[in-house]
Visitor: 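The structure is given below, and queries will be raised subsequently.
In what follows, chains are A, B, ... by sequence order, proteins preceding strands, each numbered from 1. Heavy-atom basis, side chains included; hydrogens, waters and symmetry copies ignored.
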Amino acid sequence: MKRWTFLVGAVGFAIALGGCQQRIPRNALAMTAESLEKRQLQTRKFSTSDESKLLTAAVGLTQDLGFTIESTQSKLGLITGSKQRDATDGGQVAGAIFVALLTGVATPVDQDQTIRLSIVTFPAGNQTALRATFQRMVRNTHGQTTRLELIQDPEIYQQFFEKLSKAVFLEAQKI
Amino acid sequence: MSNAHRSTVSMILALAGALCIQMTGCASSKSQILASEESQVKLRAMQTRAFDTTDRTKLLRTVMATLQDLGFVVDTADETLGTVTGTKLDGYALRMTVTVRPRGDTQQLVRASAQYNLAAVQEPEPYQQFFASLSKAMFLTAQQVD
């Protein structure tokens, strides 16, 4: 019986410690084999040495995409923006209705998301490189965060850079 | 009191004790405002490195590039104060602030401090990893500061 008491106490103590401690995953701050791949996906070089012109075009595109600009630092070549949007997924809602019909329990579904964007430019010889990174946080109908992720879909970055090339062209043509 | 009775009582007591620790283990939530668990000196040492460069802007830009390489989105940067802040979302939220300030005439001090979900990062390894990435990108050695 004494052993039981000790065990219960030990488990309780472990819970008490676990409640406060959260450990950062190993290699969260280490370069990985994919780091270079991601860099290539998220970076393009533009044939201009005029960094501020490229930044101006990027600001325009950020607005075109419906982002609110949060901060800019032209001396370091940085633009950050965010937008809040709907995150309802038709399939997920249908699934939730199905579960509700079967069990009478309402399961939470994704409701809204915050999408964040940062654009960083840097001089590369007589060219200027630009790297864009998107991330998003998704919340469900219970207000819980369901997703915290870096956007890694190649199509998204390809489309973004296509639009940016257009914006740079428009900027160059002063339209 | 019978023997069985006594052990039941002590079991309940042990559970209650554990619960108390659970409640107070995290202390009053206001104590978090100025809390730092590690000793300040130790923390500074693990978060700080010196680089042999006078090009502060290049160092700041490299910090931003390194954060992006590590999967961060850069939130803000300030050239005058030499600060960069970024957030990494990967099933967790990791926030990091990096500051750059001159040390003597030939060096810059870089200090990084990170927060993982709801806790300060106070282990040396993540900072070692960060500075390893940064020094590779800068082509410079990150020197330990005493």
Visitor: Against chain A, label B:A112 side chain, backbone, both or neither, depending on which of its atoms sit under 4.5 Å from a heavy atom there.
Guide: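 Neither the backbone nor the side chain of B:A112 comes within 4.5 Å of chain A.
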Visitor: Could you pull out the closest heavy-atom pair between A:L29 and B:S133, with the gap in Å?
Guide: O-OG, 3.7 Å
Visitor: Counting only heavy atoms closer than 4.5 Å, note whether A:K38 contacts chain B via side chain, backbone, both or neither.
Guide: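 Neither; nothing under 4.5 Å.
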Visitor: Counting N and O atoms only, with roles assigned by atom type, does the side chain of B:Q68 sit under 3.5 Å from a partner on the main chain of A:I119, one being a donor and the other an acceptor?
Guide: no
Visitor: Treating Ile, Leu, Val, Met, Phe, Trp and Tyr as nodes and any side-chain heavy-atom pair under 4.5 angstrom as an edge, say whether A:V138 and A:V93 lie in one connected cluster.
Guide: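 Hydrophobic grouping puts A:V138 apart from A:V93.
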Visitor: Which residue out of A:R39, A:Q42, A:Q135 racks up the most heavy-atom pairs below 4.5 Å with chain B?
Guide: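 Option with the top pair count is A:Q135.
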Visitor: When clusters are formed by joining ILVMFWY residues with side-chain heavy atoms under 4.5 Å apart, either directly or through shared neighbours, do A:L148 and B:M96 land in the same one?
Guide: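 In one cluster: no.
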Visitor: A:F122 and B:R61: which non-hydrogen atoms are nearest, and at how many Å?
Guide: CA-NH1, 3.7 Å
Visitor: Measuring only between side-chain heavy atoms, which start at C-beta, is B:D69 closer than 4.5 Å to A:R131?
Guide: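 B:D69 reaches A:R131 side chain to side chain.
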Visitor: Which atoms of B:A77 come close to chain A, meaning under 4.5 Å heavy atom to heavy atom: side chain ones, backbone ones, both, or neither?
Guide: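 Backbone plus side chain of B:A77, per the 4.5 Å heavy-atom cut-off to chain A.
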Visitor: Got B:L94 and A:I24 here, is their nearest side-chain heavy-atom distance under 4.5 Å?
Guide: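 Counting from C-beta outward, B:L94 and A:I24 do come under 4.5 Å.
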Visitor: Mind checking whether A:V168 and A:L61 sit in one hydrophobic cluster, side chains of I, L, V, M, F, W, Y counted as touching below 4.5 Å?
Guide: yes
Visitor: With a 4.5 angstrom heavy-atom cut-off, which part of B:K136 approaches chain A: side chain, backbone, both or neither?
Guide: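 Answer is neither: B:K136 stays 4.5 Å or more from chain A.
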Visitor: Heavy-atom distances under 4.5 Å only: say whether A:S71 touches chain B with side chain, backbone, both or neither.
Guide: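 Answer is side chain: those atoms of A:S71 sit under 4.5 Å from chain B.
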Visitor: Does A:F161 share a hydrophobic cluster with A:F134, counting links as ILVMFWY side-chain heavy atoms below 4.5 Å and allowing steps through other members?
Guide: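 Same cluster: A:F161 reaches A:F134 through Ile, Leu, Val, Met, Phe, Trp or Tyr contacts under 4.5 Å.
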Visitor: To check you understand the geometry: which heavy-atom pair defines the closest contact between A:L76 and B:M64, and what is its length?
Guide: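 Nearest pair, atom of A:L76 first, then B:M64: O-CE, 3.5 Å.
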Visitor: Is it true that atom NZ of A:K75 has more than 12 heavy atoms of other residues, nucleotides or ligands lying nearer than 6.0 Å?
Guide: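 No, the 6.0 Å shell around NZ holds no more than 12 heavy atoms from other groups.
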Visitor: Counting heavy atoms not belonging to A:N126, are there more than 12 under 6.0 Å from its CG?
Guide: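 Incorrect, the count does not exceed 12.
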Visitor: Output yes when B:D90 and A:R147 qualify as a salt bridge under the 4.0 Å nitrogen-oxygen rule, no when they do not.
Guide: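 No, this pair does not count.
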Visitor: Is any side-chain heavy atom of B:F72 less than 4.5 Å from a side-chain heavy atom of A:S118?
Guide: no
Visitor: Check whether A:I69 and A:L54 end up in the same hydrophobic cluster, where Ile, Leu, Val, Met, Phe, Trp and Tyr are linked by side-chain heavy atoms less than 4.5 Å apart.
Guide: yes
Visitor: If we define contacts as heavy-atom pairs under 4.5 Å, which of B:T57, B:D75, B:T80 has the most with chain A?
Guide: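 Greatest number of close heavy-atom pairs with chain A: B:D75.
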Visitor: What part of B:V121 is in contact with chain A, defined as an atom under 4.5 angstrom from a non-hydrogen atom: side chain, backbone, both or neither?
Guide: side chain
Visitor: For the CZ atom on A:F98, are there more than 12 heavy atoms of other groups (residues, nucleotides or ligands in this structure) within a distance under 6.0 Å?
Guide: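 Check fails, neighbour count at 12 or below.
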Visitor: Could you go through the side-chain contact (heavy atoms from CB on, under 4.5 Å) check for A:L150 and B:K88 one step at a time?
Guide: CA-CA 8 Å; A:L150 182 75; B:K88 179 175 182 174; over 6 Å; no
Visitor: Step through the shown structure and confirm whether more than 12 heavy atoms of other residues, nucleotides or ligands are within 6.0 Å of CZ on B:R56.
Guide: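 More than 12 within 6.0 Å, yes.
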Visitor: Would B:E123 and A:R23 pass as an ion pair if we require N to O under 4.0 Å?
Guide: yes
